[in-house]
**Student:** 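One structure, pasted below without further comment.
Each ligand, and each atom within it, is numbered from 1 in the order the structure gives. Note that the structure is a prediction, hence the values are computed from the model and not measured.
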Amino acid sequence: MKPINVGLLGLGTVGAGVVNLLAENRDEIVRRAGREIRVTRAAVRDTTKTRECHVAEIDIGTDCQSIVDDPNIDVVLELIGGDGMAFDLTMAAIERGKHVITANKHLIALHGNAIFAAAERNNVVVSFEAAVAGGIPIIKAMRESLSANRIEWVAGIINGTGNFILSQMMFEGVSFEYALAEAQRRGFAEADPTFDIEGIDAAHKLAIIGSIAFGIPLSLDRVHTEGIRHLTAHDIAYASQLGYRVKALGIAKRTQNGVELRVHPTLVPEKALLANVENEKNAVMVYGDALGPTVYYGAGAGAGPTASAVVADMTDTIRVLSTDPSGRVPHLAFQPDQISNEPIRDRSDFECGHYLRVQVADQAGVMAAMTEVLADLDISIDAILQKDLPASNGEGDAHVIVITKSAREGNVLAALERIEAFEFAYAGSMHLRVAHFED
Ligand code: NDP
Ligand code: HSE
């Protein structure tokens, strides 16, 4: 059979990983796909850069549009990133009847509804396995293998850079900045690393997870997003004393009153599976009503693992070339006319456990006043701890740390506001969530 000609838009970390993987596992891939895959053209910004792959057989230029327009290119790989030119090029490729594979979660989270509608109109497929959790086949698992289940919730560590930073700070004692620089050096971080540390990259991935899990439109603007930048060594240590690890989680949960979509640092019991996922590794737990919980663990970033997902999409795309369009796996798991408008809940209605850390003047009556406010707002306490602060942090001050049982977030925020209004309390308290997914 005629080989498939692939055009690469971008030949950076992931693009080079794809070229290398196609060369290293060529025979095995051809045995699976049934056709040879040839990367014939690539577009980059700077053609003089040294590439991390063998490029002798690739026609490398700077004109992305000419690849999209080239009638000899069967499949376009969008590996540039971002939501600007990546969107225009993806739409142009679709309009020209080309299948597109992308690792770009930003693109899919923001423009996926338009992209998939265009793909259906033009009878092509847009694949994006690498966009969520790098090499872990979580999209395939949720979209295909769990299709008999009503998915109740998904919770996971879905940003490798953020997890790498938290692990390195906890176990290697390095600073936030040092750990971030190391993640950048190893190729995990986004071109703009604020996407990693402010939770934006995880929000992109969670928007995709939420749509595939619940059959709702991509709703990036409804994902409540908090990063890890504000975490302190104090909170990581207090959490540890109380038996928890702090992990940056993405959580998509179905409730009776709508769907919760949120990304934030979370206290996870230290023996839980998710608490023990370290460095750039990702792990996603999915709870399906028939199967119960399942966990998908592996490398969430880096050249080889991401290329593994991109090349798997390529073999699927080749198979798709010979299938009836009506029988293809829908982009968002559910048939396009079955996408529902289930409401997405506001942050104030989220329900889970909470971690509060308040700095107070160490005087009589503080605990009583704080617990009275919590009781008044129907917030039940699970654990409470007081730690006197050394003179350098505030002579005569203490941290009061409270872990609550499951409570409505709006009530917890109101309680914190009332507590901070007491004369004995300082502003700038810490509020984190607590999750017990494996109970
Ligand atoms: P890189 O920054 O390493 O590579 C981007 C590539 O795009 C480079 O080759 C760059 O060219 C090229 N490029 C950028 N702008 C242009 C332009 N205007 N015209 C032509 N080429 C251009 O990114 P990654 O490979 O790390 O990421 C690619 C995508 O994969 C992103 O969407 C990212 O979020 C996603 N992803 C990345 C993972 C990872 O671990 N790195 C994991 C999962 C997904 P040049 O090399 O000349 O600068
Ligand atoms: N910057 C991303 C991460 C790359 O660290 O997880 C993988 O999507």
**Student:** For ligand 1, which is the ligand I care about here, please tell me if G12 has any N or O atom under 3.5 Å from one of the ligand's N or O atoms.
**Tutor:**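 So ligand 1 has an N or O lying under 3.5 Å from an N or O of G12.
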**Student:** Does any N or O atom in D196 lie less than 3.5 angstrom from one in ligand 2, N or O only?
**Tutor:** yes
**Student:** We want to know whether N123 and R328 form a side-chain donor-acceptor pair, criterion being a heavy-atom distance below 3.5 angstrom.
**Tutor:**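 A donor-acceptor contact under 3.5 Å links the two side chains.
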**Student:** Below 4.0 angstrom from a heavy atom of G81, which ligand 1 atoms are there? Numbered from 1 as shown, please.
**Tutor:** 31 (C), 32 (O)
**Student:** Looking only at distances, please establish whether an N/O atom of ligand 1 is found under 3.5 Å from an N/O atom of G187.
**Tutor:** yes
**Student:** Is F188 in polar range of ligand 2, meaning some N or O pair under 3.5 Å apart?
**Tutor:**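 Min N/O separation from ligand 2 is below 3.5 Å for F188.
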**Student:** Restricting to side-chain contact (heavy atoms from CB on, under 4.5 Å), what partner residues turn up for R319, sequence neighbours left out?
**Tutor:** R32, T315, D316
**Student:** Side chain, backbone, both or neither: which part of D201 comes within less than 4.0 Å of ligand 2 when only heavy atoms are counted?
**Tutor:**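 The part of D201 near ligand 2 is the side chain, not the backbone.
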**Student:** Using a 4.0 Å cutoff against the non-hydrogen atoms of A130, which atoms of ligand 1 qualify?
**Tutor:** 43 (C), 44 (C)
**Student:** Taking 4.0 angstrom as the limit and counting only heavy atoms of K105, give me the atoms of ligand 2 inside it, by number and element.
**Tutor:**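 Close to K105: 2 (C), 4 (C), 7 (C), 8 (O).
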**Student:** Under 4.0 Å from atom 23 (O) of ligand 1, is there at least one protein heavy atom?
**Tutor:** no
**Student:** Between the side chains of S348 and D346, is a donor N or O closer than 3.5 angstrom to an acceptor N or O?
**Tutor:**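 Side chains of S348 and D346: no pair found under 3.5 Å.
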**Student:** When you compare ligand 2 with A301, is there at least one nitrogen or oxygen pair between them that comes in under 3.5 angstrom?
**Tutor:** no
**Student:** Between D27 and R31, is the salt bridge (charged side-chain N to carboxylate O under 4.0 Å, His left out) condition met? List the steps.
**Tutor:** CA-CA 6 Å; D27 293 348; R31 283 177 65 208; over 6 Å; no
**Student:** Given A303, G17, C64, identify the one with the heavy atom nearest to atom 19 (N) of ligand 1.
**Tutor:** C64
**Student:** Can you list the ligand 1 atoms lying under 4.0 Å from a non-hydrogen atom of A301?
**Tutor:**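 Taking each heavy atom of A301 in turn, ligand 1 has 40 (O) under 4.0 Å.
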**Student:** Taking L206 as the fixed residue, which of T225, V132, V223, I251 is the one that meets the side chain to side chain contact (heavy atoms under 4.5 Å, CB included) rule?
**Tutor:**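 Of T225, V132, V223, I251, side chain to side chain contact (heavy atoms under 4.5 Å, CB included) with L206 is met by V223 alone.
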**Student:** Measure from atom 11 (O) of ligand 1 to the protein's non-hydrogen atoms and state whether any distance is below 4.0 Å.
**Tutor:**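 Under 4.0 Å from atom 11 (O) of ligand 1, at least one protein heavy atom found.
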**Student:** With respect to atom 7 (C) of ligand 2, which of G300, G302, G160, P305 exhibits the smallest heavy-atom separation?
**Tutor:** G300
**Student:** Side chains of Y296 and T294: donor-acceptor distance under 3.5 Å anywhere?
**Tutor:** yes
**Student:** Evaluate the side-chain proximity of V154 to M142: yes if any heavy-atom separation is below 4.5 Å, no if none is.
**Tutor:**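 Yes, side chains in contact.
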**Student:** For atom 26 (O) of ligand 1, what is the closest protein heavy atom, and at what distance to 0.1 Å?
**Tutor:** T13 CB, 3.6 Å
**Student:** Quick check: does G302 get an N/O under 3.5 Å from an N/O on ligand 1?
**Tutor:** yes
**Student:** Between N5 and N72, is any side-chain donor less than 3.5 angstrom from a side-chain acceptor?
**Tutor:** no
**Student:** Which bit of K105 is near ligand 1, meaning a heavy atom under 4.0 Å away: side chain, backbone, both or neither?
**Tutor:**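 The part of K105 near ligand 1 is the side chain, not the backbone.
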**Student:** Do you see a donor-acceptor pair shorter than 3.5 Å between the side chains of H431 and S429?
**Tutor:**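 No, S429 and H431 have no side-chain donor paired with an acceptor closer than 3.5 Å.
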**Student:** Looking only at protein heavy atoms, which one is nearest to atom 5 (O) of ligand 2, and what is the separation?
**Tutor:** T161 OG1, 2.6 Å
**Student:** Could you check whether N104 and T102, counting side-chain N and O atoms only, form a donor-acceptor pair closer than 3.5 Å?
**Tutor:**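 No donor-acceptor contact under 3.5 Å links the two side chains.
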**Student:** Please verify whether a non-hydrogen atom of E78 lies at under 4.0 Å from ligand 1.
**Tutor:** no
**Student:** Report yes if V14 has an N/O atom closer than 3.5 Å to an N/O atom of ligand 1; otherwise report no.
**Tutor:** yes
**Student:** Going by distance only, is there an N or O of L11 that falls short of 3.5 Å from an N or O of ligand 1?
**Tutor:** yes
**Student:** Backbone, side chain, both or neither: what part of N104 comes under 4.0 angstrom of ligand 1, heavy atoms only?
**Tutor:** both
**Student:** Using heavy-atom distances only, which candidate in G300, G15, G134, A103 approaches atom 30 (O) of ligand 1 most closely?
**Tutor:**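 Among G300, G15, G134, A103, the closest heavy atom to atom 30 (O) of ligand 1 comes from A103.
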**Student:** Using side-chain heavy atoms (C-beta onward) and a distance below 4.5 Å, is M314 in contact with L77?
**Tutor:**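 The answer is yes, as the side chains (C-beta and beyond) meet within the 4.5 Å cut-off.
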**Student:** Geometry only, no angles: is T62 polar-contacting ligand 1 at N/O separations under 3.5 Å?
**Tutor:**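 Min N/O separation from ligand 1 is not below 3.5 Å for T62.
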**Student:** So which atom in E78 and which in T90 form the shortest heavy-atom distance, rounded to 0.1 Å?
**Tutor:**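 Taking E78 first and T90 second, the nearest heavy atoms are CG-OG1, 3.8 Å.
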**Student:** Below 6.0 angstrom between ring centroids: does that apply to F195 and H106?
**Tutor:** yes
**Student:** Can you sort out which atoms of ligand 1 are near D46, meaning under 4.0 Å from one of its heavy atoms?
**Tutor:** 47 (O)
**Student:** Of the choices I67, T161, V132, T306, which has the non-hydrogen atom that lies closest to atom 43 (C) of ligand 1?
**Tutor:** T306
**Student:** Show the atoms of ligand 2 that are less than 4.0 angstrom away from any heavy atom in E190.
**Tutor:**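 Going through ligand 2 atom by atom, the ones under 4.0 Å from E190 are 1 (N), 2 (C), 4 (C).
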**Student:** Counting each atom of ligand 1 from 1 as listed, which ones have a heavy atom of M85 under 4.0 Å away?
**Tutor:**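 That gives atoms 17 (C), 18 (N), 19 (N) of ligand 1.
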**Student:** Please lay out, stage by stage, how E177 and R229 fare under the test salt bridge (charged side-chain N to carboxylate O under 4.0 Å, His left out).
**Tutor:** CA-CA 10 Å; E177 287 70 25; R229 194 70 186 92; 2.5 Å; yes
**Student:** Could you tell me which atoms of ligand 2, counted from 1 in the order shown, lie closer than 4.0 angstrom to a heavy atom of K205?
**Tutor:** 2 (C), 3 (C), 6 (O), 7 (C), 8 (O)
**Student:** Give me the ring orientation class for H331 and F116: parallel if the planes are under 30° apart, tilted from 30 to 60°, perpendicular past 60°.
**Tutor:** parallel
**Student:** Less than 4.5 Å apart, side chain to side chain, heavy atoms only: is that true for R345 and T255?
**Tutor:** yes
**Student:** If you count the atoms of ligand 1 from 1 in the order shown, which ones are under 4.0 Å from a heavy atom of G10?
**Tutor:**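 Close to G10: 6 (C), 7 (O), 9 (O), 12 (C).
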**Student:** Quick check: closest heavy atoms across N163 and N279, and the distance to 0.1 Å?
**Tutor:** ND2-O, 2.9 Å
**Student:** Do Y297 and V277 touch side chain to side chain, with heavy atoms closer than 4.5 Å?
**Tutor:**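 Yes. Closest side-chain heavy atoms under 4.5 Å.
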**Student:** Can you tell which part of H204 has a heavy atom less than 4.0 Å from ligand 1: side chain, backbone, both or neither?
**Tutor:**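 The answer is neither.
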